[in-house]
Structure formats: C-alpha cells, structure tokens
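Just the heavy atoms: all of them, side chains too, but no hydrogens, waters or symmetry mates, feed the values below. Naming convention: chains lettered A, B, ... in sequence-line order (proteins, then strands); numbering from 1 in each chain.
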Protein chains: 2
Amino acid sequence: MLNEFDIFKDFLHQQKLRWTPQRKMILDVFLSFDGHVQIESLHEKMQAQDPSLGIATLYRTLKLLVDCGLVEAHSFQNGRKTYERTFHVRHHDHLICTRCETTIEFEHPLIEKYQLEICEQYGFSLKSHKMELLGICRNCRK
Amino acid sequence: MLNEFDIFKDFLHQQKLRWTPQRKMILDVFLSFDGHVQIESLHEKMQAQDPSLGIATLYRTLKLLVDCGLVEAHSFQNGRKTYERTFHVRHHDHLICTRCETTIEFEHPLIEKYQLEICEQYGFSLKSHKMELLGICRNCRK
DNA sequence: TTTTATAATGATAACGATTATCAATATAAA
DNA sequence: TTTATATTGATAATCGTTATCATTATAAAA
C-alpha cells in the first residue's frame, strides 16, 4: 500500500532530486498535523526536534510537496500561506471566519449533487471544485 | 436612491472621518473597473488622473471601503490582494475550464440555500462565498 | 569502497507588497 | 475665522517568502 513517503521518494527520484533526512522529517512533521497548517507551526515543531534545520529548507520542501500533489497551498486573508494535506483525505469544503481566520471543514452531499447538475447543463466534465464560505464564526459574533 | 458615494460619505461622517477629494477619486476609479481589481491597476489609472496621489492613500482608502462594506478584499496565490465591488452587483459562481480557461458564471438557488444551512449549523454569519467548479468544457471535450 | 558530479543545506541578504511614521496641510465644526 | 484634529505624500519599516552562495551530503558510477 502506497503511502506519502513512497510517493514523495518516487517523485524525487523521477525529478533526479534527492531523498534527505530533512525532507523526511519535514514530511513527518507535516503529517502529524490535521487540517490547515501554517509555516510557523511547522517551524516550531521542527525546531523542537532538530534546531539546526533552516527555515529555507522548510519552504523549499513544502513547495516540492505541492509539486508532487501531496499538499495543497492556500493563501488566506493575512497573506500568510497555509498548507493542507490532500492524500488519503476525504474532499471537503471550508467555512472561514474572516475575523479570526478559524477554518472549519464541512461536506454537503446535496451541494455536490447540484454541482454535477450544473456541469451537465453546461456540458462540463467536473474534475474538482473549491468552495469557501466566508463569514463570522460563533466566537467572534459574541 | 442611495449610491456608493453617499454610503461612503455617511460612513466617514459616522466615524468622524473626512470626505476628501482623494477619497472621492479613489472610489471613482475603483467603480470604473469590473470584477476583481489589483492595487497596481488602480494605481496606474490614478496616476494618469493625478500623479500626485500617493500609494499609501490608496491602500488606506481601500481599507476604509472594505470597512464600510462596499468592497471585499481577497488574497490570492501570489500573495497580492485583489479588491471586489460588493454593492449593486449580483453574486455569481464560476465554472472554469482547466484546459482553455473559459469561465462561465452561474447561480443555483438551492446551493445558496444549503450554504446557509451549513452556516447555521456551525453558528456562522455568512458574508460571502466563493465557489469554483473546475473541469473540461464542452468544446475541449470534443 | 572510493570517486565524482551535482543536488541540498543553512545562513542570511534580497525582495516586494503592505503598513507605520511624521511633518505639513486640509477639513469641518464651532 | 478659528481651531482641533484627520489626512496627505514621502518614505522608512515590517514581515513572509525567495534567491544567493559557500559548504556538505547524496547516489550513481567506477
């Protein structure tokens, strides 16, 4: 059974790039998070494990993970990037609080169904979709 | 009939802020664009009308327009912000062909309804949403 | 195993969009 | 008018992200 490490290794090999301890560790730390992660969180956790690892390597490796399809990059309100795992994860949409930037994942089968309907109507073959609902979350409304 | 200028003026007055020629001109230039605008485009067009107007004022005014609800700010992949008019504009979603980049606008009342349902469920107050369906269009499938 | 070509690393300088600072000026209420 | 203070333009500062570069590590070949 293929896992993220094998996929990353294969990708690197195909591109004539190298499998290094740093890249292994970064993928490891990344996978230990759920949902959306910011560089800052990854960096903190990495520093705890190996303070010698530089931030540039972190950015570089995240970019490779995006290139090989294991990770998706988003850029939200404050201009800071967030990274999200895309492999072995059910598809979901996002509720985003525009005040505190909390993100909640959800899924609604009927919305998916109507999306397909619309695509048929216009002769589209649907590959993927992105839906973000922007608003103010329960906490921020208090 | 209330227009954008009146709304902005009222907002400024309420906040004890001032109505200035620069703010008028920026709103004017902003409204002359359709869809998403970047600071760069606004700045160019403004320079043509009045080269003395500074970029800081542009940023400051855009922020005020967002605060008073006339404009919505997004931040896309490249980290650059885009601004979108939100008043007197029908909302719409997008079907995007990933091959030829054709974009079709659509609207589906039931999807909107279920979005509201989801927000209620999580205690969100919905302000806006973005939905993009990515696929291959009729032409490209031939 | 040793050699060798070259990819990767960490430190840090550079970049670029946005924001903060500040002295001079403009606004609007009294 | 006068007066308090908000606004302006210029530009320095900020901060997340990238590029640079000398040193080191990797992996394929010998």
Write down the atom of B:L126, the atom of A:L134, and the distance for their closest heavy-atom approach.
CD1-O, 3.5 Å
Sub-4.5 Å side-chain heavy-atom contact between A:M131 and A:H94
no
Can you tell me how far P of D:dC15 sits from CD1 of A:I39, to the nearest Å?
17 Å
Roughly how many Å is it from CG in A:L53 to P in D:dT24, rounded to a whole number?
17 Å
Under the salt bridge (Lys or Arg N to Asp or Glu O under 4.0 Å) test, residues paired with B:E72 that sit two or more places apart
none
Atom pairs under 3.5 Å, N or O on each side, protein against nucleotides 12-15 of chain C: can you list them with distances?
none

Rounded to the nearest angstrom, tell me the gap between atom CD in B:Q38 and atom C1' in C:dT18.
14 Å
May I have the distance from B:D67 (atom CG) to C:dT19 (atom C1'), rounded to whole angstrom?
15 Å
Is the side chain of A:T102 donor-acceptor paired with the backbone N or O of A:C137 at a distance under 3.5 Å, no angle test?
no
To the nearest 10 degrees, what angle separates the axes at the start and end of the helix from C:dT1-D:dA30 to C:dA30-D:dT1, five pairs each?
30°
Report yes or no: does A:T61 contribute a side-chain atom to a donor-acceptor pair with the main-chain N or O of A:T57 at less than 3.5 Å?
yes
Side-chain N or O of B:Y59 versus OP1/OP2 of C:dT18: is the shortest distance under 4.0 Å?
yes
Tabulate protein N/O versus nucleotide N/O from nucleotides 1-7 of chain D, keeping only pairs under 3.5 Å, one per line.
unit_1 : atom_1 : unit_2 : atom_2 : d
D:dT5  : O2     : B:R18  : NH1    : 2.9
D:dT5  : O2     : B:R18  : NH2    : 3.3
D:dA6  : O4'    : B:R18  : NE     : 3.4
D:dA6  : O4'    : B:R18  : NH1    : 3.2
D:dT7  : OP1    : B:R18  : N      : 2.8
D:dT7  : OP1    : B:R23  : NH1    : 2.3
D:dT7  : OP1    : B:R23  : NH2    : 3.1

Check the distance between C:dA8's P and A:K24's NZ and give it to me in whole angstrom.
18 Å
Rounded to whole angstroms, how far apart are CD on A:Q15 and C1' on C:dT6?
16 Å
Please enumerate all residues that pass ring pair (Phe, Tyr, Trp, His ring centres under 6.0 Å) together with B:H43, with sequence neighbours excluded.
none
Indicate, with a heavy-atom threshold strictly under 4.0 Å, whether A:H13 touches base, sugar-phosphate, or nothing.
sugar-phosphate
Do A:I136 and A:I96 sit in one hydrophobic cluster, given that two such residues count as connected whenever their side-chain heavy atoms are within less than 4.5 Å of each other, even indirectly?
no
Do A:K45 and A:F30 meet the cation-pi criteria used here (NZ or CZ under 6.0 Å from the six-membered ring centre, within 45° of the axis)?
no
In whole angstrom, what separates A:L58's CG from C:dA8's C1'?
14 Å
Do B:H129 and B:D93 have side chains that get closer than 4.5 Å, going by heavy atoms?
yes
With sequence neighbours excluded, residues passing ring pair (Phe, Tyr, Trp, His ring centres under 6.0 Å) with A:H13
none
Looking at B:K81, I'd like to know whether one of its side-chain N or O atoms comes within less than 4.0 Å of OP1 or OP2 on C:dT19.
yes
When you look at B:V71 and B:T86, which way does the side chain to side chain contact (heavy atoms under 4.5 Å, CB included) test go after all the steps?
CA-CA 5 Å; B:V71 173; B:T86 57; 5.6 Å; no
Reading DNA chain D from 5' onward, which residue's closest nucleotide shows up sooner: A:Y83 or B:D50?
B:D50
